[in-house]
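The structure appears right after this line, and notes come after that.
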Amino acid sequence: SERRLAGLDRAAKPATAETIAQPLRAVSTNILAGLIETLAASPYEGRADLPHLAGALQLEADELFPIVEALQLLGFAEIADGDVRLTDDGRAFVGFDTDARKAQFRAALLTRGPLAAHIRRGLAERDVLGRPSHRAPAARFREELEDHLRPGDAARTLRATVAWGRYAELFAYDELAGEFSLEDPE
């Protein structure tokens, strides 16, 4: 497990706008915020050895890996030489109130989360009469993901994006209708 954590800097890469098919794992935004706060506080002061951090948090490497990977993807942390280090954005996140955290998370999703940005653009598309519809079926994005990912990975990626997008107030998602919107589902 220490070898896997030490190699994390090679495994996780930041998102680019080139593809929406970046596999994601659903990591709670509360867990992400908690790890950022832990890293910012003493004794870490923004930097921690990953194997030591896993032990201190009583987590296995496989439990810590998706959390740290998500922080790197969103630009809140960097991983190098078996250490995780908060970026300036990660350090700023700690000092923000809830609304500012959501705004920062939204900005990170739009710039570093290709699928979230793609969904948001889809919600801005115009209908046949030229009006913005502000709605889009989830099946559309799931099918696009399945063109590049296994169905299970596509479903996990979409679930993670839904959870993160809701937290960031980037879009709403009506689970019963299976539809994204820019309005709160009724």
Side-chain angles (χ1 to χ4, degrees), residues 8 11-36 65-79 86-90 92-93 96-186:
L8 184 60
K13 297 214 176 5
T16 67
E18 296 172 21
T19 179
I20 63 164
Q22 177 175 15
L24 300 175
R25 297 184 206 179
V27 177
S28 157
T29 55
N30 289 335
I31 290 178
L32 294 173
L35 185 56
I36 292 171
F65 181 81
I67 304 166
V68 173
E69 187 177 50
L71 291 180
Q72 179 173 314
L73 170 97
L74 294 166
F76 295 127
E78 294 175 343
I79 296 102
L86 289 179
T87 61
D88 290 341
D89 285 344
F93 184 89
F96 290 155
D97 66 15
T98 302
D99 288 338
R101 284 182 175 197
K102 287 181 179 189
Q104 186 183 26
F105 202 91
R106 182 172 41 255
L109 274 178
L110 286 171
T111 58
R112 300 177 66 90
L115 180 58
H118 182 62
I119 291 169
R120 183 62 186 222
R121 280 190 306 274
L123 294 172
E125 289 177 354
R126 302 199 173 267
D127 66 15
V128 293
L129 299 174
R131 298 176 303 217
S133 68
H134 302 294
R135 298 191 172 284
R140 166 186 167 183
F141 303 105
R142 187 174 20 263
E143 289 168 6
E144 287 182 66
L145 286 171
E146 288 175 354
D147 286 344
H148 306 282
L149 299 172
R150 294 183 306 235
D153 290 338
R156 270 189 298 282
T157 297
L158 192 59
R159 276 194 308 272
T161 302
V162 165
W164 292 356
R166 282 174 156 173
Y167 167 77
E169 299 176 356
L170 187 58
F171 46 71
Y173 180 69
D174 182 336
E175 295 198 29
L176 292 176
E179 185 176 71
F180 289 98
S181 72
L182 294 180
E183 303 153 10
D184 288 331
E186 297 181 35

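- Shown here are the ring-ring contact (aromatic ring centres under 6.0 Å, His included) partners of F180, two or more places apart in sequence or in another chain: F141, F171, Y173.
- A distance of 10.5 Å separates CZ of R140 from CD of E143, quoted to the nearest 0.5 Å.
- Distance check, rounded to the nearest 0.5 Å: CD1 of I67 to CD1 of I31 gives 5.5 Å.
- Salt bridge status for D99 with K102: absent, with no side-chain N to carboxylate O gap under 4.0 Å.
- The shortest non-hydrogen separation linking R112 to G75 is NE-N, 3.3 Å.
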- Derivation of the side-chain contact (heavy atoms from CB on, under 4.5 Å) call for S181 and R135: CA-CA 4 Å; S181 72; R135 298 191 172 284; 3.3 Å; yes
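- Contact between F65 and R25 at its shortest, heavy atoms only, is CE2-NH2, 3.3 Å.
- The minimum heavy-atom distance between E144 and H118, with the atom names listed, is OE1-NE2, 2.9 Å.
- Taking each heavy atom of L74 and A108 in turn, the nearest pair found is O-CB, 3.4 Å.
- Under a cut-off of 6.0 angstrom, the local environment of CG in D147 is crowded, with over 12 non-hydrogen atoms contributed by other residues, nucleotides or ligands.
- Between the side chain of Q104 and the backbone N or O of D89, at least one donor-acceptor pair lies under 3.5 Å.
- Pairing each heavy atom of P23 with each of T157, the nearest pair is CA-OG1, 3.3 Å.
- Within the 4.5 Å cutoff, the side chain of L24 has no heavy atoms near those of the L115 side chain.
- Between the CG atom in L73 and the CG atom in L109 there is a gap of 8.0 Å [rounded to 0.5 Å].
- Scanning all heavy atoms of the two residues, the minimum distance from R120 to E169 falls at NH1-O, 4.5 Å.
- A distance of 5.0 Å separates CG of L71 from CG of L32, quoted to the nearest 0.5 Å.
- Not a single donor-acceptor pair under 3.5 Å links the side chain of R142 to the backbone N or O of P137.
- For the atom pair I36 CD1 and R101 CZ, the distance stands at 7.5 Å (nearest 0.5 Å).
- Of the listed residues (T29, L110, L170), just one forms a side-chain contact (heavy atoms from CB on, under 4.5 Å) with F105, and that residue is T29.
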